[in-house]
Amino acid sequence: MDDASDAPATDGGAGAAGGSEPTPEEEAAAAEDFIAEQRHLRLGKLDAMRAAGVDPYPVRFERTTTAGAIQAAHGDLQPGTEIDEKVSIAGRLMLMRRQGKLSFATLVDRDGPIQLFVSTAVIGEVAHHDFDDLDRGDWIGVEGTIMTTRRGELSVKVAGFTLLSKTIRPLPEKWHGLTDTDTRYRQRYVDLVMNENARRIARIRIQTISRVRHYLEGQGFSEVEGPVLQSTQGGATARPFVTHHNALGNDLYLRIALELHLKRLIVGGLDRVFEIGRVFRNEGVDTTHNPEFTMLEVYQAFGDYNDMMDLTEGIIADAARDVLPDMKVTYGGVELNLAPPYRRATMVALIEEELGVDINPAMPVEAARKVLDGLGVAYRADWGSGRLTNAVYDELLQHKIVQPTFVLDHPREVSPLARPHRDDPTLTERFELVISGHELANAYSELNDPVDQLQRFEDEAAAKAHGDAEAGDVDLDYVRALEYGMPPTGGMGMGMDRLVMLLTGTPSIREVILFPTLRPEPGMGGLTESTPGPRGDL
RNA sequence: GCGCCGCUAGCUCAACUGGUUAGAGCAAGUGACUCUUAAUCACUAGGUUCGGGGUUCGAGUCCCCGGCGGCGUACCA
């Protein structure tokens with residue numbers, strides 16, 4: 001891409017009043033500096049190469065093996081061995097050690113490093129000079145044979161090489177690498193080149209999502225895709241992003257959850273479905289929250305929340321198996337044991353056990369308020385005993401739960417999509433899986449009574465009308481679906497990013513999302529200003 | 001949102017209580033070098049100290065405003 005030429009000129013006149021935006025002149029000057037500096041360094045080499053008939057960006061290269069395969073096949077060779085096996089490999093030059101008529105270089109491909117041994121005696125003076133003229137960061141293809149050096153380093157003895165892509169920008173420092181978090185997130189491509197931990201987290205994320213998918217398929221679940229653009233807000237409580245469809249002439253939400261469309265598919269008879277997909281919440285950004293994140297939701301007809309507990313344990317255990325052979329991980333300085341079974345305890349019992357107080361959604365609201373007064377927990381006048389019970393749990397208990405624990409039977413008042421508990425109508429059949437003080441999964445025996453569901457939607461809509469931006473809409477189409485009959489169903493949602501955080505021992509969600517949401521970088525093109533949407537900020 | 005901390009060469013970092021011309025390593029350029037491993041050695045070049053204003057004889061350093069980031073805190077996964 002030609003990043004110098006497009007961005008500045010096109011937004012004629014906008015932003016003059018703001019003062020904080022770089023002017024087009026400043027951006028042009030910055031681009032000028034870049035070009036001036038780089039032309040001195042490497043663009044000159046490009047020109048020279050082209051003049052000499054060498055294409056610095058050729059179209060294809062045929063490789064026969066990789067660094068890892070060579071290491072695996074020949075890792076046991078004695079020092080000073082040469083074998084007559086021809087290989088062709090490709091990768092990025094990461095280190096160069098030139099010493100006259102002999103050069104060593106470290107080539108890295110996706111498996112890792114392998115040393116290149118380049119000798120004038122083998123390839124001649126001209127080719128060796130061309131090799132020494134390469135820059136750290138260049139992509140090259142190499143043909144050669146397998147050897148070990150006198151000190152035993154497995155190497156490819158280079159018989160010939162081809163430049164595959166010329167690097168114009170210098171890589172970060174070879175020893176300290178790239179540490180600036182802002183640059184690491186904005187230029188993840190450089191982070192991945194330089195930092196083994198970035199590659200490790202990326203690898204575990206890829207592997208985790210793949211394992212979850214295959215585990216569920218193995219259990220008879222079908223992967224489906226619901227709509228991202230939706231006209232009603234529901235399935236969770238969160239502020240949505242709003243966008244606009246020009247041809248249809250209406251505003252749309254970006255989904256905040258996967259739930260309601262998956263359950264429509266249960267109504268349609270798909271029986272066991274799941275989706276791993278991106279959801280969007282227009283809320284704060286911090287160590288554990290990104291505006292877009294990846295959710296897993298699973299629905300199983302004829303099951304209940306007990307089945308979901310078993311399934312949740314199975315998913316986590318299966319995902320952890322490769323990454324954590326002993327099922328243990330140190331997170332936040334504490335060793336967590338992810339081996340099932342996990343403790344199962346009701347919210348009311350945990351409060352009693354940990355805090356020594358008796359509070360539950362069935363008790364008179366005055367009595368519940370006294371409990372909160374005694375504990376020093378703040379509450380609002382319109383909360384019932386259910387919400388008060390939940391407040392005690394949220395404020396004083398959840399963050400203390402370290403080892404994996406299913407917290408069961410949340411008050412009905414805080415669980416609009418869960419089915420009332422079979423033994424106690426003030427509770428629901430719901431659980432949250434809490435690990436290291438954070439909620440990793442949330443599940444219900446799903447509510448399938450359309451009349452009850454409509455009532456709960458209307459309660460939420462009333463809250464929204466009173467200014468609660470996180471409250472959902474009345475989704476009458478969903479109610480209509482339930483009226484056609486949804487079988488008894490267990491459903492579960494799990495944050496995939498948080499699962500990866502857990503498996504990698506990473507405290508920040510931005511480390512496990514390859515491209516976390518950041519403020520736009522000035523001068524890089526695209527949207528940089530706040531343009532009020534058709535409905536403004538909800 | 002709020003609070004605290006940070007931003008110095010392409011990268012990683014120095015620069016005392018405000019005091020000459022802002023230093024070093026790596027990367028880059030030139031040269032030497034046939035077994036290196038962050039190769040080594042010599043020389044060269046590289047800076048709007050995040051931006052703007054202020055205090056001062058003098059500001060990378062102090063003050064104010066703004067930008068970007070990190071962490072903490074409140075709510076959501």
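What you see is a predicted model; the values in this text were computed from it and never measured. Chain naming here is simple, since letters A, B, ... match the order of the sequence lines and numbering starts at 1 in each.
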Discussion item. Using heavy-atom distances to pick each residue's nearest nucleotide on RNA chain B, tell me which of A:Gln398 and A:Ala105 is more 5'.
Written reply: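 Here A:Ala105 is the residue nearer the 5' end.
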
Worksheet item: For RNA chain B, whose closest nucleotide is more 5', that of A:Thr149 or that of A:Thr183?
Response: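 Per heavy-atom nearest nucleotide, the more 5' residue is A:Thr183.
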
Practice prompt. Check whether any side-chain N or O of A:Thr179 sits under 4.0 Å from OP1 or OP2 of B:rU12, and answer yes or no.
Written response: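 Checking B:rU12 against A:Thr179, a side-chain N or O does come within under 4.0 Å of OP1 or OP2.
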
Worksheet item: Just to confirm, is there a sub-4.0 Å distance from OP1 or OP2 of B:rG69 to any side-chain nitrogen or oxygen of A:Arg186?
Response: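 It does, given that an N or O in the side chain of A:Arg186 lies less than 4.0 Å from OP1 or OP2 of B:rG69.
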
Taking any heavy-atom pair under 4.0 Å as a contact, classify [X]: base, sugar-phosphate, or nothing.
{"X": "A:Arg184", "result": "nothing"}
{"X": "A:Glu439", "result": "sugar-phosphate"}
{"X": "A:Glu395", "result": "sugar-phosphate"}

Worksheet entry | Nucleotide nearest A:Leu178 when distance is taken to its side chain, options B:rA27, B:rU12, B:rC35 |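 Selected nucleotide (nearest to the side chain): B:rU12.
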
Discussion item. Given B:rA28, B:rG69, B:rU34, identify the nucleotide with an atom nearest to the side chain of A:Asp135.
Written reply: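 Selected nucleotide (nearest to the side chain): B:rA28.
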
Discussion item. Pairing donors with acceptors under 3.5 angstrom, does anything connect the side chains of A:Thr232 and A:Asp475?
Written reply: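 A donor-acceptor contact under 3.5 Å links the two side chains.
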
Discussion item. We want to know whether A:His176 and A:Glu173 form a side-chain donor-acceptor pair, criterion being a heavy-atom distance below 3.5 angstrom.
Written reply: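 Yes, A:Glu173 and A:His176 have a side-chain donor paired with an acceptor closer than 3.5 Å.
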
Can you tabulate the close N/O pairs, meaning under 3.5 Å, that link protein atoms to atoms of nucleotides 38-48 of chain B?
from: B:rA38; atom 1: O3'; to: A:Lys174; atom 2: NZ; distance (Å): 3.3
from: B:rA39; atom 1: OP1; to: A:Lys174; atom 2: NZ; distance (Å): 2.5
from: B:rA39; atom 1: OP2; to: A:Arg97; atom 2: NH1; distance (Å): 3.0
from: B:rA39; atom 1: N7; to: A:Arg98; atom 2: O; distance (Å): 3.4
from: B:rA39; atom 1: N6; to: A:Arg98; atom 2: O; distance (Å): 3.1

Give me, pair by pair, the N or O atoms of the protein and of nucleotides 71-73 of chain B that are less than 3.5 Å apart, along with how far apart they are.
from: B:rG72; atom 1: OP2; to: A:Thr287; atom 2: OG1; distance (Å): 3.1

Worksheet item: Quantified in whole Å, what is the P atom distance between nucleotide B:rG6 and nucleotide B:rA15?
Response: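 Between the two P atoms, the distance is 13 Å.
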
Worksheet item: Between B:rG51 and B:rG58, how far is it from one C1' atom to the other, in whole Å?
Response: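 One C1' to the other, the span is 22 Å.
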
Fill in: Result of checking A:Lys263, A:Arg213, A:Arg255 against A:Glu275 for salt bridge (charged side-chain N to carboxylate O under 4.0 Å, His left out)
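Only match with A:Glu275 under salt bridge (charged side-chain N to carboxylate O under 4.0 Å, His left out): A:Arg255.
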
